[in-house]
Amino acid sequence: MGAGVSQLTREVALVRARAAVPGEGVLPVLPALRDLLPDGGLRRGSVVAAGGWGLLCPALVAAASADGAWCAVAGLPQFGVRAAADAGVDPDRLLLVAAPGPGWAQVVASLLDGCEIVLLRPPERPAAGLRRRIEAAARRHGGILVVAGDWDGAAARLRVTRREWAGIGSGHGRLRARRAQVVADGRGAWSRPRSRWLWLPGPDGSVTTADTGAGETGGDETGGAGGPWDRRTGAVGEVGGASDTGAAVGWP
Amino acid sequence: MSTADGAAWRVDGAARRVLVVHCPDWAPGVTSPDPAVPPSRRRPPPPLGAAEFAQVVGLVEELCPQVEVVRPGICAIAARGPARYFGGEAALAGKIGEALGRRGIACWTGIADGLFAALLAAGAVRSGARLSGAALAAAGWSAAGPGGLRSDPGRTGLAGSGRPAGTIVPPGQTAAFLAAFPVSVLEVPELDHLLPRLGLTTLGEFAALPAAEAASRFGAQGALAHRAARGLDPRPLDLRPPAADLTAEREFDPPAGQSEPVVFAAKALADQLHAALAARGLACVRIAVQAICADGQEITRLWRHDGLLSALAVAQRVRWQLDGWRPGQAAPEEERADPDRAAALTGGVTLLRLIPDQVVRDHGRQLGLWGEAVVSDRVARAAVRVQAMLGHDAVTRPVLSGGRSPADQALLVPFGDAQPPPRPPDRPWPGQFPAPAPAVTCPAPLPAAVTDEGGRLVGVSARAEVSAPPARLSVAGGPPVAITSWAGPWPVTERWWDPSLARRRARFQLVTEDGGAWLAVLQDGQWLIEAGYD
């Protein structure tokens, strides 16, 4: 009896310690993205910039969301819920704020108070003071801000530099999977860029690693997690990896 | 509690004054006749049935119309009108007793708020079938029953001219009258043993439970029993919107220039509103908070309530509403970020009103209101706070559902609303694209232009053949980008049975030079971008 109580007390203390320091701790990311982030995950209270809007943002938060974290999405009316769910995001723990309006900074601060992760596409480039205030809110609440866009002072910056679609030809086939080269850098020791090839998405919508011959068109690889696409359809990798940083066709 | 109940009785009038005539000769399984009935009036118990009772009903009907037969031996009338006619309830009871007594029929009359209490007052509810005589005495039946109360002249009066014919419970004191009875008089078999095991032996103890708790713990039947125990009519209330008196309001004179006093008053108002709702066994789905300013401006916002909000939570919503609302142009960022910002309302708030919206019967609390994942307080607080700033519909939760176009595959439900049953996503939905799903879905399709090498718009024939291979894509008037790969067309015919909703479309997947991939549709000669696979 006594031993049981003391063990319980220990466990309660452990849980309290975990809950009491929200700034501590790292939320998990998908195994394919682990090498690209400074802590091997999303550190609470930090800001991660993920280039433009695309599947990379939901992929970043997928593992944490599946692990029980709440995720708010602000400023992204075009958020593809199905694609995010296929990547691993739990739609039951999503809050969508499609149009945060002119007071978006306050909205983000409120969301950071409630949700572990806030996915944000800022409607405008924030002034330095505003940016620092949002970062302070993230630190205070132990939230993680994933920015679909650029963010000065982000702990890590990820972007898709090359991408190539597989499965589609000229008038035949269909989009089946995309190999994308994701380059990450950050501050301090993490400032040296590192890159990984990912299936973003794979044929079933999931995000896995596709690191075999970086830089080559993905005709022969099968990816990390088994048969990424149906070889029978043939046509793969016809789209050369084009630089993506300034896409000509943008979302208005 | 009792004052709230008294007010409830006066306001909603649900528990009418009821007079019950109880002829013990008909009562099945009478164990011991009440000693108050003189032996001369006692007749040998004949096998009396409904037919014999009809003459009793006839006699009562001569005095007052619309007699409701509860069961042979017991009938009830609405006491208010006849009592007024005969000059008081005691006089009415005396008249009836006299009329029946002339025919040699023993009767007890009881008058109280609501049928249940009137039955008890007339001694017409006997738990004797389930309790032995000794247990009856031990439960204080004779002491706490009509006989016991009759000795209290402050509460009850003797019927008629001193004839011991029953009990009259003064208006509004029904709850106090009921309090001493054992719970077995409720005659709800499920509660008979359960309540005493929980330590609730009397109706008073049972009635002291909050109505919502009783409903959640004991179910619908328990909720009815609970209403009965509190001296309210057990029958369900109408779902009509309540009279204006459920609205709680407070005027501010002079106008409140800051939000603090308004929020403080809101808590008291919410307490008042909750008490009024609980006393009626009601809950409101939403609550409208209306603040009227000195310059005539009005801020009204609806908040989801579902009977789940505490008074403090309502007050918090009032604060968010006041803080989230800014007169005229947007306030500077600093002010907005400051939660304790003094509400610079134009002229100050002169009136705060809390209006219950969509009042329904309180069926108790429902857990898992927001679906599978239980929303933690923290998330709910943040979401509601953002709703205060942007409006109820601005914060949504997605529900995956079935559909052919990417935008149809997620239903966005405002936070706090019950999720409607989605279109099942696991049906075939012919025409739906297989995985991978597009990461970018356009809420409204973007206009686009797909041209061939010669710059002519690409068309699709009735046999689903393209006029020429697509070569360039321009989205929303942007510069054209070369198309490197494409697939399609996939014809989609939706809702051909409904001319107003019917759509015939041809879908394409396009990959452009810059690496982007698009889901484009051609509908009525117009190219649209439905989604992007970025």
Side-chain angles (χ1 to χ4, degrees), chain A residues 52-55 58 70 77-78 80-86 90-103 105-107 109-111 113-115 130 133 162-165 168-175 177-178 201-205 238-239 241-242 244 247-252, chain B residues 330 333 336-337 371-373 375-376 378-383 385-386 389-390 394-400 406 409-410 412 415 433-443 446 466 469 473-476 478-479 481 484-488 509 511-518 531-534:
Chain A
W53 167 243
L55 193 59
W70 274 82
Q78 66 273 44
V81 180
R82 164 78 59 178
D86 286 346
D90 187 344
D92 275 344
R93 281 190 291 274
L94 268 182
L95 285 185
L96 305 183
V97 184
Q106 177 64 22
V107 170
S110 297
L111 290 175
D113 186 9
C115 302
L130 193 60
R133 204 169 312 131
R162 290 154 67 87
R163 47 189 177 170
E164 51 202 39
W165 278 97
I168 189 168
S170 290
H172 56 86
R174 64 172 175 87
L175 296 173
R178 180 178 71 161
D204 57 350
E238 289 179 21
V239 184
D244 166 45
V249 182
W251 294 96
Chain B
E333 203 57 56
R336 209 181 288 141
E372 304 254 312
V375 180
S376 71
R378 202 170 159 220
V379 174
R381 205 171 55 226
R385 186 143 194 212
V386 175
M389 288 187 259
L390 302 172
V395 182
T396 53
R397 299 186 65 201
V399 182
L400 289 181
Q409 290 178 9
L412 301 181
F415 184 87
F433 271 95
V440 181
T441 59
C442 306
L446 301 173
V466 286
L473 167 69
S474 152
V475 179
V481 182
T484 54
S485 318
W486 60 279
Q509 283 179 329
V511 178
T512 48
E513 199 178 31
D514 53 20
W518 312 84
Y533 287 85
D534 199 2

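Lettering follows sequence order; numbering is per chain, from 1.
- Nearest heavy-atom pair across Ser485(B) and Gly169(A) is CB-O, 3.4 Å.
- The two residues Pro436(B) and Gly202(A) have their closest heavy-atom pair at CB-O, 3.9 Å.
- Taking the side chain to side chain contact (heavy atoms under 4.5 Å, CB included) definition, one finds that Ala410(B) meets it with Val81(A), sequence neighbours left out.
- Comparing Pro443(B), Gly488(B), Pro469(B) by heavy-atom pairs within less than 4.5 Å of chain A, the highest count is held by Pro443(B).
- Contact between Trp165(A) and Ala517(B) at its shortest, heavy atoms only, is NE1-CB, 3.3 Å.
- In this structure, Gly516(B) and Arg163(A) approach most closely via the heavy-atom pair N-NH2, 3.6 Å.
- The contact between Pro438(B) and chain A is made entirely by backbone atoms, counting heavy-atom distances below 4.5 Å.
- Across Gln509(B) and Leu175(A), no two heavy atoms sit closer than the pair OE1-N, 2.8 Å.
- Nearest heavy-atom pair across Arg397(B) and Trp70(A) is NH2-CH2, 3.6 Å.
- Comparing Ala382(B), Ala439(B), Gly478(B) by how many heavy-atom pairs each has under 4.5 Å with chain A, the most go to Ala439(B).
- Heavy-atom distances place the backbone of Ala99(A), and not its side chain, under 4.5 Å from chain B.
- When heavy atoms are compared at a cutoff of 4.5 Å, Asp113(A) approaches chain B by way of both its backbone and its side chain.
- Looking at residues two or more places apart in sequence or on another chain, you find a side chain to side chain contact (heavy atoms under 4.5 Å, CB included) between Leu412(B) and Leu96(A), Thr396(B), Pro398(B).
- Of the listed residues (Ala85(A), Gly171(A), Pro91(A), Pro58(A)), the one with the most heavy-atom contacts under 4.5 Å to chain B is Gly171(A).
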